[in-house]
Amino acid sequence: MDSTDFDEFYRASRQRLLGFVYVLTGDLSEAQDAVQEAYIRAWQRWSTVRDYDDPEAWMRVVAARIAVSRWRSLRSRARAYLRHGAVESVPPPTTDTVEVVAALRRLPEEQRTAIALYYLMGMPVAEVARETGAPEGTVKARLARGRVALAGLLSVELGEVADA
């Protein structure tokens with residue numbers, strides 16, 4: 001690739017292309033993103049694009065399509081929002097949640113992963129074993145050791161942990 005040709009093309013066309021896409025979108029940030037993406041695509045195909053009769057025309061088409069695609073994506077998200085409503089606000093974590101997360105961080109990664117998959121994701125032991133690449137017996141041992149370690153870190157009675 002000849003970066004000198006591309007650099008010259010970029011310097012000569014960037015302001016016109018940005019102005020064009022800005023007029024299409026009415027949003028400078030969106031226009032800049034679309035133009036940047038178009039220049040990336042041009043660079044990837046520069047050996048072909050530079051031989052076009054009007055490489056800038058190709059850029060205008062590509063940038064406009066990118067901008068329209070982004071607009072359609074935003075419109076689809078807005079429609080989904082209207083259809084499904086706003087996401088219910090999530091309450092802030094309680095002190096219990098913060099303590100559990102802090103305790104989980106102190107466990108070895110294998111135990112933390114097993115506990116998260118089993119208790120938080122609701123996966124059966126066999127599925128946790130498949131996902132982690134560990135035998136089922138190892139997953140069971142990690143869960144047992146993790147529960148005991150968490151009980152110690154959280155000052156929970158072991159009888160309460162056994163019920164879980």
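Keep in mind it's a predicted model, so treat the numbers as computed, not measured.
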Is T25 close to W71 at the side-chain level, that is, under 4.5 Å between some pair of heavy atoms?
no
Show which side-chain atoms of residues 102-111 pair as donor or acceptor with protein atoms under 3.5 Å away, not counting sequence neighbours.
none

Distance check, rounded to the nearest 0.5 Å: [X] atom [atom1] versus [Y] atom [atom2]?
| X | Y | atom1 | atom2 | answer |
| --- | --- | --- | --- | --- |
| M123 | L117 | CE | CG | 5.0 Å |
| L18 | Q15 | CG | CD | 6.0 Å |
| E99 | S155 | CD | OG | 9.0 Å |
| R79 | R72 | CZ | CZ | 10.5 Å |

Sequence-distant partners of Y39, ring-ring contact (aromatic ring centres under 6.0 Å, His included), two or more places apart:
Y10
Across all chains, not counting sequence neighbours, the ring-ring contact (aromatic ring centres under 6.0 Å, His included) partners of F20 are none
Which residue pairs pass the salt bridge (Lys or Arg N to Asp or Glu O under 4.0 Å) test when at least one of the two sits in residues 10-27, sequence neighbours left out?
R16-E56
Is the count of non-hydrogen atoms from other residues, nucleotides or ligands lying under 6.0 Å from R145 atom CZ greater than 12?
no
Shared hydrophobic cluster, M59 / L28 (ILVMFWY, side-chain heavy atoms < 4.5 Å)
yes
V61-W43 co-clustered via ILVMFWY side chain contacts under 4.5 Å
no
What is the minimum heavy-atom distance between [X] and [Y], and which atoms define it?
| X | Y | answer |
| --- | --- | --- |
| A42 | V49 | O-CG2, 4.4 Å |
| R60 | D54 | NH2-OD2, 3.9 Å |
| I115 | R147 | CD1-N, 4.1 Å |

As a test of understanding, state which of Y52, W58, F9 forms a ring pair (Phe, Tyr, Trp, His ring centres under 6.0 Å) with W46.
F9
Apply side chain to side chain contact (heavy atoms under 4.5 Å, CB included) to residues L143 and Y119 and explain how you reach the verdict.
CA-CA 10 Å; L143 289 170; Y119 289 106; 4.1 Å; yes
Hey, can you pull the donor-acceptor pairs under 3.5 Å for the side chains in residues 126-139, sequence neighbours left out?
{"unit_1": "T132", "atom_1": "OG1", "unit_2": "V128", "atom_2": "O", "d": "2.8"}

Before you tell me yes or no, could you show the steps for Q32 and Q36 under side chain to side chain contact (heavy atoms under 4.5 Å, CB included), namely the whole-Å CA-CA distance, both residues' side-chain angles and the distance that decides it to 0.1 Å?
CA-CA 6 Å; Q32 289 170 331; Q36 180 180 15; over 6 Å; no
If the condition is side chain to side chain contact (heavy atoms under 4.5 Å, CB included), which residues does R70 pass it with, not counting sequence neighbours?
E30, D33, I66
